[in-house]
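Each ligand, and each atom within it, is numbered from 1 in the order the structure gives. Throughout, residue positions are numbered sequentially from 1 according to the sequence presented.
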Amino acid sequence: MTIVLLGYMASGKSSISKLLGKELELPVLDLDTYIERKEGKTIPEIFESKGEIYFRMKEHTYLKEILETKEAIILSLGGGTPCYANNMNLIHEYTKATFYLQTSIPEIIDRVKNEKDKRPLISKIADEDLPEFVGKHLFERNTFYQQATYSIFTDKKSVEALVKEIKENLN
Ligand code: S3P
């Protein structure tokens, strides 16, 4: 069965998917990494040279390509993937095992503050404006994230504890 992890930037999708894949003995795929490999550019480079609309189109195309292989994997999405191109409906045609990793605004800000340059959507936002930006952004994205079958709160929990929680929901 394919398991899909989604959530805002820095919600822990990549690290949780790695451990989950190890424990369930399933291959792990990170959609951003897949896009970077296919396009031969980093995500910030794609945003910079081609713009966000191009990125969203490619994100949808590659998501479809991955799902169509029908191989059982752990798939970690980009933070915005659920919110564009009807991607949640597409995912649910292939699997219902979708997990929203729900992280609070203060925790997100704490985590993204020091790695803004890796994240083109927030790279130009001043630190003092981050709470308002992330708050509004999460509010807009919430309806998409809530379409996931399961919501898991991540604040103050270890990767190990979160993997355990995901596995319990799968049983
Ligand atoms: C984005 C999140 C990023 C990446 C791109 C856009 C978003 O992924 O896909 O920069 O729209 O939230 P991470 O959530 O892995 O940082």
Ring pair (Phe, Tyr, Trp, His ring centres under 6.0 Å) with Y84: which residues, sequence neighbours excluded? none
Report all N/O contacts between ligand 1 and the protein shorter than 3.5 Å as a table of atom names and distances to 0.1 Å; if there are none, say 'none'.
{"unit_1": "ligand 1", "atom_1": "8 (O)", "unit_2": "D32", "atom_2": "OD2", "d": "2.7"}
{"unit_1": "ligand 1", "atom_1": "8 (O)", "unit_2": "G79", "atom_2": "N", "d": "3.4"}
{"unit_1": "ligand 1", "atom_1": "9 (O)", "unit_2": "D32", "atom_2": "OD1", "d": "2.8"}
{"unit_1": "ligand 1", "atom_1": "9 (O)", "unit_2": "D32", "atom_2": "OD2", "d": "3.1"}
{"unit_1": "ligand 1", "atom_1": "11 (O)", "unit_2": "R56", "atom_2": "NH2", "d": "2.7"}
{"unit_1": "ligand 1", "atom_1": "11 (O)", "unit_2": "G80", "atom_2": "N", "d": "3.4"}
{"unit_1": "ligand 1", "atom_1": "11 (O)", "unit_2": "R141", "atom_2": "NH2", "d": "2.7"}
{"unit_1": "ligand 1", "atom_1": "12 (O)", "unit_2": "G80", "atom_2": "N", "d": "3.3"}
{"unit_1": "ligand 1", "atom_1": "12 (O)", "unit_2": "R141", "atom_2": "NH1", "d": "2.8"}
{"unit_1": "ligand 1", "atom_1": "12 (O)", "unit_2": "R141", "atom_2": "NH2", "d": "3.4"}
{"unit_1": "ligand 1", "atom_1": "14 (O)", "unit_2": "K13", "atom_2": "NZ", "d": "2.7"}
{"unit_1": "ligand 1", "atom_1": "14 (O)", "unit_2": "G79", "atom_2": "N", "d": "2.9"}
{"unit_1": "ligand 1", "atom_1": "15 (O)", "unit_2": "D32", "atom_2": "OD2", "d": "3.2"}
{"unit_1": "ligand 1", "atom_1": "16 (O)", "unit_2": "R119", "atom_2": "NE", "d": "3.1"}

So, T98 side chain and T149 main chain: donor-acceptor pair closer than 3.5 Å or not? yes
Enumerate donor-acceptor pairs with a distance under 3.5 Å from any side-chain N or O in residues 68-77 to protein atoms, sequence neighbours excluded.
{"unit_1": "T69", "atom_1": "OG1", "unit_2": "I66", "atom_2": "O", "d": "2.7"}
{"unit_1": "S76", "atom_1": "OG", "unit_2": "D30", "atom_2": "OD2", "d": "3.2"}

Under-4.0 Å salt bridge between E132 and K136: yes
Throw together a table of side-chain donor-acceptor distances under 3.5 angstrom for residues 120-131, partners on residues two or more places apart or in other chains.
{"unit_1": "S123", "atom_1": "OG", "unit_2": "P120", "atom_2": "O", "d": "3.2"}
{"unit_1": "D127", "atom_1": "OD1", "unit_2": "K116", "atom_2": "NZ", "d": "2.8"}

Check ion pair E23-K164 (N to O, under 4.0 angstrom): no
